[in-house]
Amino acid sequence: MSVDSWEFYTDSEGKWRWRRIASNGRITGASSQGYANKSECIDNARRHGYQG
């Protein structure tokens with residue numbers, strides 16, 4: 001069983017975003033908006049399957 005990885009980063013406007021990356025390197029999900037706080041970004045990712 002392969003496990004997707006999750007990346008949290010700031011975009012060009014300084015907002016937090018996430019993306020979900022499959023074991024083959026393909027992006028399988030991403031936040032549709034930026035967040036002012038990293039904790040809000042993580043909360044959104046959890047609603048999309050993040051378990052970290």
Side-chain angles (χ1 to χ4, degrees):
M1 179 178 155
S2 62
V3 178
D4 292 351
S5 62
W6 293 77
E7 179 180 26
F8 296 91
Y9 64 97
T10 53
D11 64 16
S12 61
E13 296 178 2
K15 303 275 185 160
W16 284 97
R17 293 183 173 268
W18 61 264
R19 63 180 145 228
R20 185 177 187 168
I21 305 166
S23 60
N24 64 4
R26 292 182 186 252
I27 296 172
T28 59
S31 55
S32 59
Q33 69 183 65
Y35 296 89
N37 300 308
K38 187 176 182 179
S39 61
E40 292 174 346
C41 182
I42 291 171
D43 287 344
N44 179 264
R46 284 190 175 121
R47 289 192 288 277
H48 294 276
Y50 178 66
Q51 296 178 8

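Bear in mind the structure is a predicted one, so any value in this text is a computation, not a measurement.
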Taken in chain and number order and not counting sequence neighbours, the residues that satisfy salt bridge (Lys or Arg N to Asp or Glu O under 4.0 Å) with Glu40 are none

Expected list for residues 41-51: side-chain donor-acceptor pairs under 3.5 angstrom, two or more places apart:
residue	atom	partner	partner atom	Å
Asn44	OD1	Trp18	NE1	2.7
Asn44	ND2	Tyr35	OH	3.0
Arg46	NH2	Gly52	O	3.1

Say you draw a straight line from CD of Gln33 to CG of Asp11; how long is it, rounded to the nearest 0.5 Å? 11.0 Å

Not counting sequence neighbours, which residues clear side-chain contact (heavy atoms from CB on, under 4.5 Å) with Thr10? List them please. Trp16

Could you grab the distance from atom OH of Tyr9 to atom OG of Ser31, nearest 0.5 Å is fine? 5.5 Å

Under 3.5 Å donor-acceptor, Asn37 side chain and Ser39 backbone: no

Closest non-hydrogen contact found for Ile21 with Thr28 is N-OG1, 4.5 Å

